[in-house]
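Worksheet: the structure to be examined is printed underneath.
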2 protein chains.
Amino acid sequence: MDEPRWLDETEMAAWRGFVEATNLVARRLERQLKDDAGLSHTQYEILVQLSAAPEGSLRMTDLADRLVTSKSGLTYQVTQLEKAGLVGRRSCPGDVRGVIAELTEQGWHTLRAAAPGHVAAVRDTLIDVLTPQQLAALADSLNTVADRLRATDA
Amino acid sequence: MDEPRWLDETEMAAWRGFVEATNLVARRLERQLKDDAGLSHTQYEILVQLSAAPEGSLRMTDLADRLVTSKSGLTYQVTQLEKAGLVGRRSCPGDVRGVIAELTEQGWHTLRAAAPGHVAAVRDTLIDVLTPQQLAALADSLNTVADRLRATDA
DNA sequence: AGCGTTCGGTTCAAATTTGAACCAGATTCG
DNA sequence: CGAATCTGGTTCAAATTTGAACCGAACGCT
């Protein structure tokens with residue numbers, strides 16, 4: 001194990017910033033959603049992903065891919081949302097094993113009700129804090145990272 | 001509740017990128033640390049913060065501030081690390097209530113052993129994926145966000 | 001058709017996280 | 001001094017997350 005390449009000052013700043021911003025933003029938004037809409041961020045993300053899919057429905061596996069949770073974690077949360085009446089399960093035509101999660105009427109309604117407050121919070125914590133240039137740069141960098149990880153995960 | 005300002009394309013890209021990169025990077029590094037060093041990222045962060053402090057020790061409250069966990073979460077993790085022999089608790093001179101967490105010899109050793117692999121993984125997932133310009137821009141944006149949140153949390 | 005492998009989802013126990021309640025030691029004023 | 005309040009840390013129950021084990025169904029091949 002030879003001497004590794006340590007991080008220089010900028011690299012360290014990027015990394016510390018990443019860790020810190022990540023946690024702080026997550027914490028802040030978690031609370032906002034819980035307080036204002038009674039949803040965890042995970043649950044909100046599930047609703048968002050479903051709402052963006054055709055018919056407001058997705059197969060469990062596809063949903064798990066888009067979110068970044070374990071399969072069992074998804075099963076758990078979908079069950080919670082089902083109990084709350086926001087999501088339903090249907091079986092998947094053509095594959096008996098498959099399960100399709102689908103937004104209910106109430107799910108759509110809850111999401112529409114939660115979205116404005118959440119967007120405002122996102123602006124407040126992340127978007128409006130930065131200049132347009134910073135924001136564009138951030139989007140560029142983070143998407144590079146995300147794409148790269150998506151690719152190498154497979 | 002009037003019509004909110006929705007996110008435009010760049011804003012949305014930044015936000016989605018943030019959520020996605022955040023989760024993917026966290027997941028990746030969590031696994032790396034667990035596999036290679038038997039530590040969770042939280043635990044590793046505790047060791048790092050302690051190692052950066054004078055004497056390798058910090059008061060619980062200060063530690064909780066630097067990490068971004070709840071007080072009870074910190075108590076739990078420090079107890080775990082104590083069981084593992086990486087951290088010790090001392091009482092705080094001058095304030096009977098206070099507790100100081102302190103790296104043990106073994107804690108230093110474990111951290112030194114874990115660091116190279118972790119740094120390599122950080123490079124791999126985040127740093128080396130970006131150009132120097134992207135990296136500098138990322139550091140700039142994220143630190144702006146973090147600083148701003150630190151300020152408004154108080 | 002038959003066999004071995006992969007896939008999709010759930011179940012389970014164990015580890016972690018969180019917020020609220022709590023306790024004892026500080027602080028602050030009147 | 002002494003009551004009222006605040007602080008630092010732990011404890012507790014409840015919610016969540018994770019990975020491993022599992023089961024039945026689909027697939028690839030012979």
Side-chain angles (χ1 to χ4, degrees), chain A residues 22-24 26-35 37-46 57-84 87-102 153-154, chain B residues 22-24 26-46 57-84 86-102 153-154:
Chain A
T22 275
N23 288 329
L24 287 168
R27 195 173 204 52
R28 174 74 66 104
L29 293 178
E30 195 73 49
R31 172 139 52 182
Q32 181 272 322
L33 277 172
K34 190 58 85 184
D35 288 350
L39 295 169
S40 68
H41 186 70
T42 312
Q43 294 174 331
Y44 183 81
E45 273 299 305
I46 292 176
S57 68
L58 275 176
R59 230 174 128 151
M60 291 298 262
T61 303
D62 295 338
L63 193 45
D65 280 346
R66 301 183 200 220
L67 309 178
V68 190
T69 358
S70 57
K71 286 189 300 179
S72 51
L74 180 61
T75 295
Y76 174 76
Q77 283 301 159
V78 167
T79 303
Q80 295 310 105
L81 289 169
E82 200 173 19
K83 284 182 194 162
V87 165
R89 278 187 231 243
R90 296 193 279 109
S91 64
C92 174
D95 189 340
V96 187
R97 300 169 302 174
V99 172
I100 294 184
E102 172 178 45
D153 259 350
Chain B
T22 275
N23 288 329
L24 288 168
R27 195 174 203 52
R28 174 73 67 103
L29 294 178
E30 195 73 48
R31 172 140 53 182
Q32 180 273 321
L33 277 172
K34 189 60 85 183
D35 287 351
D36 298 352
L39 295 169
S40 68
H41 186 70
T42 312
Q43 294 174 333
Y44 183 82
E45 273 298 306
I46 291 176
S57 68
L58 275 177
R59 202 145 161 185
M60 292 298 261
T61 304
D62 295 338
L63 193 44
D65 280 347
R66 299 179 202 224
L67 311 177
V68 190
T69 357
S70 57
K71 286 188 301 178
S72 52
L74 180 61
T75 294
Y76 174 77
Q77 282 303 359
V78 167
T79 303
Q80 294 310 106
L81 289 169
E82 199 172 20
K83 283 183 194 160
L86 307 184
V87 165
R89 279 188 231 240
R90 298 195 276 109
S91 63
C92 175
D95 189 341
V96 187
R97 299 169 303 174
V99 172
I100 293 184
E102 171 177 47
D153 258 352

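Per chain, numbering begins at 1; letters A, B, ... match sequence-line order.
The phosphate of C:dT17 (OP1 or OP2) has a side-chain N or O of B:Gln77 nearer than 4.0 angstrom. Between C:dT18 and A:Arg27, a contact under 4.0 Å exists linking OP1 or OP2 to a side-chain N or O. Between A:Tyr76 and D:dT16 there is a side-chain N or O to OP1 or OP2 distance below 4.0 Å. Distances shorter than 4.0 Å separate some side-chain N or O of B:Arg89 from OP1 or OP2 on D:dT10. Between C:dT16 and B:Thr42, no contact under 4.0 Å exists linking OP1 or OP2 to a side-chain N or O. Taking 4.0 angstrom as the limit, A:Gln80 places a side-chain polar atom (N or O) nearer than this to OP1 or OP2 of D:dT16.
For the pair B:Arg59 CZ and C:dA26 C1', the computed distance is 10 Å after rounding to whole Å. Spacing between atom CG of A:Leu33 and atom P of C:dT18 amounts to 15 Å, rounded to whole angstrom units. When the C1' atom of C:dT16 is taken as reference, atom CG of B:Leu81 falls 13 Å away, rounded to whole Å. Taking atom CG on B:Leu67 and atom C1' on C:dT17, their separation rounds to 14 Å, with Å as the unit. Between the NE2 atom of B:His41 and the P atom of C:dT17 there is a distance of 11 Å, rounded to whole Å. Separating the NZ atom of A:Lys83 from the C1' atom of D:dT16 is a distance of 12 Å, rounded to the nearest angstrom. Taking atom CD of B:Glu45 as the reference point, atom C1' of C:dT16 lies 17 Å away to the nearest angstrom. If you measure from atom CG of A:Leu63 to atom P of C:dG8, you get 14 Å, rounded to the nearest angstrom.
Residue-level contact check: B:Gly73 touches the bases, meaning some heavy atom is under 4.0 Å from a base atom. Contacts of A:Thr69 with the nucleic acid, taken as non-hydrogen atoms under 4.0 Å apart, involve only primed sugar atoms and P, OP1 or OP2.
When distances are taken from the side chain of B:Met60 to each of C:dA26, D:dT10, D:dA25, the shortest belongs to D:dT10. Each of D:dT10, C:dG8, C:dG25 was ranked by its minimum atom distance to the side chain of B:Arg97; first place goes to C:dG25. In the set D:dG24, D:dT18, C:dA26, D:dT18 carries the atom at the smallest distance from any side-chain atom of A:Ser70.
Within 3.5 Å, a donor on the side chain of B:Ser72 pairs with an acceptor on the base of C:dG19, or the reverse.
Of the residues listed (B:Glu45, B:Gln43, B:Glu82), the one engaging B:Gln77 in a side chain to side chain contact (heavy atoms under 4.5 Å, CB included) is B:Gln43, and it is the only one.
Residues B:Thr75 and A:Lys71 both approach DNA chain D. Their nearest nucleotides, taken by heavy-atom distance, put B:Thr75 toward the 5′ side. Each of A:Arg31 and A:Cys92 lies near DNA chain C, and the nucleotide nearest A:Cys92 is the one positioned closer to the 5' end.
For A:Glu102 (side chain) and A:Gly88 (main-chain N/O), no donor-acceptor pair under 3.5 Å exists by modelled atom type.
In this structure, the side chains of B:Gln80 and B:Val87 stay at 4.5 Å or more apart for every pair of heavy atoms. No side-chain heavy atom of A:Asn23 sits less than 4.5 Å from a side-chain heavy atom of B:Thr69.
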(request) Determine, step by step, whether B:Leu86 and B:Leu39 satisfy the side-chain contact (heavy atoms from CB on, under 4.5 Å) criterion, reporting the C-alpha distance in whole Å, the side-chain angles of both residues, the deciding distance to 0.1 Å, and the verdict. (result) CA-CA 11 Å; B:Leu86 307 184; B:Leu39 295 169; 4.0 Å; yes
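The nearest pair of heavy atoms linking A:Cys92 to A:Arg59 is SG-NH1, 3.6 Å.
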